[in-house]
Amino acid sequence: MNVELYIDAKATLAEGPFWHPREQRLYWIDITEGKVHIHEPDGSDDKVFEIGCQVGAAVPRAAGGLMLATERGLETFSVDSGEHEVVCDPESDLPNNRFNDGKVDPAGRFWAGTMSMQKEPKAGSFYCFEVDGTLRKLFEGVTVSNGLDWSPDAKTMYHIDSPTREVVAFDYCRETGEISNRRVLIRIDADAGVPDGMTVDAEGALWIAHWDGARVTRWSPEGELLDTVSLPAQRVTSCAFGGEQLDVLYITTAQRGLDDETLQRYPHSGGIFALRPGVKGMPTNEYAG
């Protein structure tokens, strides 16, 4: 597959791309720089918003604007005014923790997990922010909560805790938001890097970004490796389908922590890449609260 450099962003830690279903624009974040980027496919200038703290995830909101998962908690954000407001901070007693990756489920709930900024093992938890504004803790003992998505039939939820090198699957109930029957679906070999962000395509296959693996991989819902796509960047962080036909896979990367030799070998680290893999994705879900 032909991978192209879509945006030579040179981001420190680009993450969390999504294609806005109504605006038809690509959003992505730079976690450590605390920035939300909006890419304008029509060629006009991109918009960049500084949030003032580390941002782990941004998702569209049906009422307008975004929901953010940050080191301050969960926040609303207005793209028009730039104003944001913390609406929930479940770990205010854990100042070294922050939210990391997050996504909206098929029923409009916002799911996100936390992690220690001091790399403390199993210091994080995984949460679901309901449409009515209540928060549920699903489980504890998470080290780096990362890739998250649902199957096209909305019966299975997938989640990655990166240091485990595992992708786990849960039975998922769209009506109640309950998850059950946890099982390990995929184990990533040590020489393939660490599983990071993830998306599911319209055929139900999982696309996984490999931090320190210079690749994205595609897996069947049964856990069989279907394809590997090499990237000209070592630290691949996440991926999402977009474009008018949802047939473009946008891939974020990072240059954080890379030495000069590696940066010379991968000069476009921190860029946003794109490829047309021959399959389509599913529309981005919007938070319904």
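- Counted within 6.0 Å of CZ on R165, heavy atoms from surrounding residues, nucleotides or ligands total more than 12; the atom is thus considered enclosed.
- Of all non-hydrogen atoms in A58 and L66, the two that sit nearest each other are CB-CD1, 4.3 Å.
- Within the hydrophobic cluster formed by Ile, Leu, Val, Met, Phe, Trp and Tyr side chains joined at under 4.5 Å, directly or through other members, V48 stands alone, with no partner residue.
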- Task: I would like to know whether T262 and D259 meet side chain to side chain donor-acceptor pair (under 3.5 Å); could you show each step before the answer?
- Result: CA-CA 5 Å; T262 305; D259 58 29; 2.7 Å; yes
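- Taking every heavy atom of both residues into account, T70 and R72 meet most closely at OG1-N, 2.8 Å.
- L225 and V168 end up in different hydrophobic clusters when Ile, Leu, Val, Met, Phe, Trp and Tyr side chains are linked at under 4.5 Å.
- Taking both residues in full, the closest heavy atoms of P221 and G204 are given as CG-O, 3.2 Å, listed atom of the first, atom of the second, then distance.
- Of the possible donor and acceptor atoms, none in the side chain of S145 sits under 3.5 Å from a partner among the backbone N and O of T114.
- In this structure, the side chains of L148 and M157 come closer than 4.5 Å at one or more pairs of heavy atoms.
- At distances below 3.5 Å, not a single donor-acceptor pair connects side-chain atoms of R109 with backbone N or O atoms of A107.
- Residues satisfying the salt bridge (Lys or Arg N to Asp or Glu O under 4.0 Å) criterion with K137, sequence neighbours excluded, are E140.
- With sequence neighbours excluded, no residue forms a side-chain hydrogen bond (donor to acceptor under 3.5 Å, both in side chains) with H37.
- Taking CZ of R256 as the start and CG of L13 as the end, the distance is 6.0 Å to the nearest 0.5 Å.
- Between the SG atom in C239 and the CZ atom in F273 there is a gap of 13.5 Å [rounded to 0.5 Å].
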- Task: May I have the step-by-step check of side-chain contact (heavy atoms from CB on, under 4.5 Å) for R215 and V236, ending in yes or no?
- Result: CA-CA 7 Å; R215 73 193 75 177; V236 186; 5.9 Å; no
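- Judged purely by distance below 3.5 Å, without hydrogens or angles, the side chains of D132 and T134 pair a donor atom with an acceptor atom.
- The structure places CG of D201 at 9.0 Å from CG of L249, a figure rounded to the nearest 0.5 Å.
- For the pair R218 and W207, the tightest heavy-atom approach, listed with the atom from each and the gap, is CD-CZ2, 3.2 Å.
- Here the straight-line distance linking atom CD of E50 with atom CD of E33 works out to 8.5 Å at 0.5 Å rounding.
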- Task: Test L275 against E4 for side-chain contact (heavy atoms from CB on, under 4.5 Å), laying out the working first.
- Result: CA-CA 6 Å; L275 73 130; E4 67 169 292; over 6 Å; no
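- Residues T143 and P163 share a closest heavy-atom pair of CG2-CG, 3.7 Å.
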- Message: For D8 and H268: C-alpha separation, side-chain torsions, deciding distance, then whether side-chain contact (heavy atoms from CB on, under 4.5 Å) applies.
- Response: CA-CA 6 Å; D8 192 9; H268 299 303; 3.5 Å; yes
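- For the pair S238/I251, no side-chain contact is recorded, criterion being any heavy-atom separation below 4.5 Å from C-beta on.
- Remark: the backbone N or O of A14 is paired with a side-chain donor or acceptor of T237 at under 3.5 angstrom.
- In this structure, CD on E83 lies 12.0 Å from CZ on F49, to the nearest 0.5 angstrom.
- For the side-chain contact (heavy atoms from CB on, under 4.5 Å) criterion with I208, the lone passing option out of V167, D196, N146, V216 is V167.
- Between T217 and D227, every side-chain heavy-atom pair lies at or beyond the 4.5 Å cut-off.
- Taking the side chain as every heavy atom from C-beta outward, L226 and S220 approach each other to under 4.5 Å.
- Proximity of the aromatic rings of F170 and H159 is defined here by a centroid distance below 6.0 angstrom, and this criterion is not met.
- Under the 4.5 Å side-chain heavy-atom criterion for grouping Ile, Leu, Val, Met, Phe, Trp and Tyr, W211 is not connected to M117 through any hydrophobic cluster.
- N181 CG: more than 12 foreign heavy atoms inside a 6.0 Å radius.
- Under a hydrophobic clustering in which Ile, Leu, Val, Met, Phe, Trp and Tyr are joined whenever their side-chain heavy atoms come within less than 4.5 Å, directly or via other members, Y158 and I160 fall into the same cluster.
- Heavy-atom minimum distance, G124 versus N97: CA-ND2, 4.2 Å.
- Counting only distance, with no hydrogens or angles, the side chain of Q54 and the backbone of G34 share no donor-acceptor pair below 3.5 Å.
- With hydrogens and angles disregarded, a donor-acceptor distance shorter than 3.5 Å links the side chain of H20 to the backbone of E23.
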- Task: Apply side-chain contact (heavy atoms from CB on, under 4.5 Å) to the pair R235 and Y266, showing each step before the final yes or no.
- Result: CA-CA 10 Å; R235 297 195 156 166; Y266 298 111; over 6 Å; no
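- By the ring pair (Phe, Tyr, Trp, His ring centres under 6.0 Å) test, Y127 is found to be paired with F99, residues two or more places apart in sequence or in another chain being considered.
- The hydrophobic cluster containing V142 also contains Y172, counting ILVMFWY residues as joined when their side-chain heavy atoms lie under 4.5 angstrom apart, directly or transitively.
- L74 has its side chain out of reach of D89: every pair of non-hydrogen atoms, C-beta onward, lies at least 4.5 Å apart.
- Ring-plane geometry between F139 and F126 is classed as parallel, the angle between the planes falling under 30 degrees on a 0 to 90 degree scale with a further cut at 60.
- Contact of the R98 side chain with the N100 side chain is registered, since non-hydrogen atoms from C-beta on lie closer than 4.5 Å.
- Transitive grouping of hydrophobic side chains (ILVMFWY, heavy atoms separated by less than 4.5 Å) keeps I31 and M115 in distinct clusters.
- Counting heavy atoms from C-beta outward, I51 and L68 have side chains that approach closer than 4.5 Å.
- Among residues two or more places apart in sequence or in another chain, the side-chain hydrogen bond (donor to acceptor under 3.5 Å, both in side chains) test is passed with D93 by none.
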Which pairs would a plain distance check flag for residues 279-289, meaning a side-chain donor or acceptor within less than 3.5 Å of a matching protein atom at least two apart in sequence or in another chain?
unit_1: T284; atom_1: OG1; unit_2: W19; atom_2: O; d: 2.8
unit_1: N285; atom_1: ND2; unit_2: V104; atom_2: O; d: 3.0
unit_1: N285; atom_1: ND2; unit_2: D105; atom_2: O; d: 3.4
unit_1: E286; atom_1: OE1; unit_2: R22; atom_2: NE; d: 3.1
unit_1: E286; atom_1: OE1; unit_2: R22; atom_2: NH2; d: 2.6
unit_1: E286; atom_1: OE2; unit_2: R22; atom_2: NE; d: 3.2
unit_1: Y287; atom_1: OH; unit_2: E130; atom_2: O; d: 2.7

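- With contacts defined as side-chain heavy-atom distances shorter than 4.5 Å, the pair L26/P41 does not qualify.
- A donor-acceptor pair is defined here as one N or O able to donate and one able to accept, closer than 3.5 Å; no such pair exists between the side chain of D189 and the backbone of D191.
- Annotation for N2: atom CG does not count as buried by contact number, only 12 or fewer foreign heavy atoms lying within 6.0 Å.
- Between L185 atom CG and E224 atom CD the span is 11.5 Å, to the nearest 0.5 Å.
- Just one residue in the list Y6, F18, Y250 forms a ring pair (Phe, Tyr, Trp, His ring centres under 6.0 Å) with H39, and that residue is Y6.
- Without hydrogens or angle criteria, T253 side chain to G270 main chain gives a donor-acceptor distance under 3.5 Å.
- For the pair R136 (side chain) and G177 (backbone), a donor-acceptor distance under 3.5 Å is present.
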